[in-house]
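See structure below.
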Protein chains: 2
Amino acid sequence: MDAINWKLLKALEGNGRASFSELGKLVHLSAPAVAERVRKLEEKGVITGYSAQLNLEKVGIPITALVECQVYRTKERAFKNLVLELDEVIECYNVTGPYAFVLKVGVKSMSKLDELLECLIDLSDTNTMMIMSQPVDRTMPLNIAQKS
Amino acid sequence: MDAINWKLLKALEGNGRASFSELGKLVHLSAPAVAERVRKLEEKGVITGYSAQLNLEKVGIPITALVECQVYRTKERAFKNLVLELDEVIECYNVTGPYAFVLKVGVKSMSKLDELLECLIDLSDTNTMMIMSQPVDRTMPLNIAQKS
DNA sequence: AGTGAAAATATCTCTGG
DNA sequence: CCAGAGATATTTTCACT
């Protein structure tokens, strides 16, 4: 992980479709050299994939929320399985503290959110926070990672 | 937003570097036709960008946490400005309820987390949940979006 | 909006330093 | 580990439907 690889990661984080020759100009290397570096970063699992970023609202999902779930002791496995099946769940965190799980969910309407929460209520006590805005959405705090 | 565009969005969500000719085969269209559709999706803001997905651990950020912040009434603006400056903040949600903000943060060590929380404590009461695993990480619940 | 073909770029492979 | 050259594939532009 030299300075060039950091530059490549930052560039690919900002534009996942950047061509190898573009990247090459950025780091003053030839396209094949960049391709080789990127291939190795993928192999090592540093880069796990590439994805288009989509606007949730424009794609018909105007409502997002964070749902804290205090899962009943005996229902942990069932809860995990349920969450994996629900398409509405965008992110799921298994965390320390009384709320063992925090979900980020996206729905088309409040009634759909209601349905979703009913689904969860059998296995956990939930606390829902509606997301009003998201001032920060990085995929990676790269400035931190790179420091020493 | 016809069926073909949904297919393109799903494909690009799964592989943001897919070529137009690959996508063309998938939806039975020529490469230029696909390029035109994708260009329009970008113009309309449905696709907001492309990004490489990176493995936080392998990039030197082994610790992630959710931090709920009950911001002091008079400090909301200052808090927002602070959060925008902190590289450790990966995501920031402005939500309903007593915890006005929920942050997802990534750090290199627990001592760095401590430093970060000290930073926030002047402007808010915080509650920190360490992330132990993340069983789901989609960018988009597309199966939901598409339905009727 | 989409196709098909030609021109311009980009990528891939391989040889060599 | 990288540069350069040639072969291959992809993107882009354009005339036409």
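Lettering of chains follows the sequences in order, A, B, ..., and the numbering in each one begins at 1.
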Looking at residues 1-27 of chain A, who's got a heavy atom less than 4.0 Å off DNA chain C?
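Only A:S19, A:F20, A:S21 qualify.
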When rounded to the nearest 0.5 angstrom, what is the spacing between CG in B:L56 and CD in B:Q134?
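Result: 8.5 Å between the selected atoms.
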Which distance, rounded to the nearest 0.5 Å, do you find between the CD1 of B:I4 and the CG of B:L29?
4.5 Å
Within this structure, what is the CD-to-P distance between B:E36 and D:dC14, rounded to whole angstrom?
13 Å
Is B:L120 reachable from B:V107 through a run of hydrophobic residues whose side-chain heavy atoms are each under 4.5 Å from the next?
yes
Taking for each residue the nucleotide of DNA chain D with the nearest heavy atom, is it A:V34 or B:P32 whose nucleotide lies nearer the 5' end?
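This one resolves to A:V34.
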With B:N94 via side chain to side chain donor-acceptor pair (under 3.5 Å) - residues at least two apart:
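Testing B:N94 for side chain to side chain donor-acceptor pair (under 3.5 Å), a comparison that skips the adjacent residues, returns none.
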For a quick check of understanding: with a heavy-atom distance under 4.0 Å over all strands, which category does A:A31 fall into, base, sugar-phosphate or nothing?
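Nothing: the residue A:A31, judged by heavy atoms under 4.0 Å, touches no strand.
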Kindly point out which of C:dT3, D:dT11, D:dC2 is positioned nearest to the side chain of A:R37?
D:dC2
Closest to the A:K40 side chain: D:dT12, D:dC1, D:dA5?
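The listed nucleotide nearest to A:K40's side chain is D:dC1.
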In plain terms, say whether B:E43 and B:R39 are close enough for a salt bridge, that is, a side-chain N and a carboxylate O under 4.0 Å apart.
yes
Provide the closest heavy-atom pair for B:Y72 versus B:I121 in the form atom of the first, atom of the second, distance.
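The answer is OH-O, 3.8 Å.
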